[in-house]
Amino acid sequence: LNSLQVATLKKVKEFLRESNCEEYLNSYEMVVGIFDDKDIMGYADKKNECIVISDVAFEKGSNYLLETIIEEYIHLKYDAQDETRKFQNGMISEMVKIMKVKNAFAL
């Protein structure tokens, strides 16, 4: 990682710690990859249980980087492919979980 990438990831980590959502960083190893297809921002490597983040995702800033990490986390956690109902269910489940934890409200 170059110094800008390190600073960007540090900002994302700080935000997740303050939001009590560190599981997005601690559940799977994260590595940086360079993809031939520059439209790919991340990859959920199920075999190695890690998140591969594109160098381009870092260039788009901390908010985009966080979105990429969360997306790939959900792919791994729910074993869900892109553009599937299973992925949508995973996204919704994560959102509800965050709302419950943040508000200390059990459903």
(request) With sequence neighbours excluded, tell me which residues meet side chain to side chain donor-acceptor pair (under 3.5 Å) with Y43. (result) none
(message) Taking Q81's backbone N and O only, do any of them form a donor-acceptor pair with T84's side chain (distance below 3.5 Å, no angle check)?
(response) yes
(message) Hydrophobic cluster membership, with links at side-chain heavy-atom distances under 4.5 Å among I/L/V/M/F/W/Y: are V32 and L25 in one?
(response) yes
(message) Does any part of the side chain of F58, heavy atoms only, come nearer than 4.5 Å to the side chain of L1, both counted from C-beta?
(response) yes
(request) Quick one: closest heavy-atom pair of V31 and C50, and the distance? (result) CG2-SG, 4.4 Å
(message) Holding to side chain to side chain donor-acceptor pair (under 3.5 Å), I want the full list of residues that pass it with N48, two or more places apart in sequence or in another chain.
(response) D45
(message) I'd like to know if the side chain of S19 reaches the main chain of C21, judged simply by a donor and an acceptor atom lying under 3.5 Å from each other, with no hydrogens or angles considered.
(response) no
(message) Is there a side-chain contact between D55 and Q5 in this structure, where contact means two heavy atoms from C-beta onward sitting under 4.5 Å apart?
(response) yes
(request) Decide whether I40 and L66 are clustered together by the hydrophobic rule: side chain heavy atoms of Ile, Leu, Val, Met, Phe, Trp, Tyr closer than 4.5 Å, transitively. (result) no
(request) Enter the distance from S54:OG to E59:CD here, rounded to the nearest 0.5 Å. (result) 7.5 Å
(request) Sort and list the pairs that fulfil salt bridge (Lys or Arg N to Asp or Glu O under 4.0 Å) and have at least one residue in residues 10-21, not counting sequence neighbours. (result) none
(request) Measure the shortest side-chain to side-chain distance between K77 and Y24 over non-hydrogen atoms and say whether it is less than 4.5 angstrom. (result) no
(request) Could you list the residues that satisfy side-chain contact (heavy atoms from CB on, under 4.5 Å) with S93, not counting sequence neighbours? (result) Y78
(message) Rounded at 0.5 Å granularity, tell me how far CG in L76 sits from OG in S27.
(response) 9.5 Å
(request) Just jot down the salt bridge (charged side-chain N to carboxylate O under 4.0 Å, His left out) partners of K47, sequence neighbours excluded, or say none. (result) none
(message) Do E94 and M91 have side chains that approach each other closer than 4.5 Å (heavy atoms only, starting at C-beta)?
(response) no
Under 3.5 Å, which donor-acceptor pairs link side chains of residues 67-74 to any protein atom two or more places apart or in another chain?
residue, atom, partner, partner atom, Å
E67, OE2, N63, ND2, 2.8
T68, OG1, Y64, O, 3.0
E71, OE2, H75, NE2, 3.3
E72, OE1, A44, N, 3.1
Y73, OH, E23, OE2, 2.9

(request) Any chance you could measure M41, atom CE, to I53, atom CD1, to the nearest 0.5 Å? (result) 12.0 Å
(message) Is it the case that over 12 heavy atoms from other parts of the model lie below 6.0 angstrom from the CD1 atom of I34?
(response) no
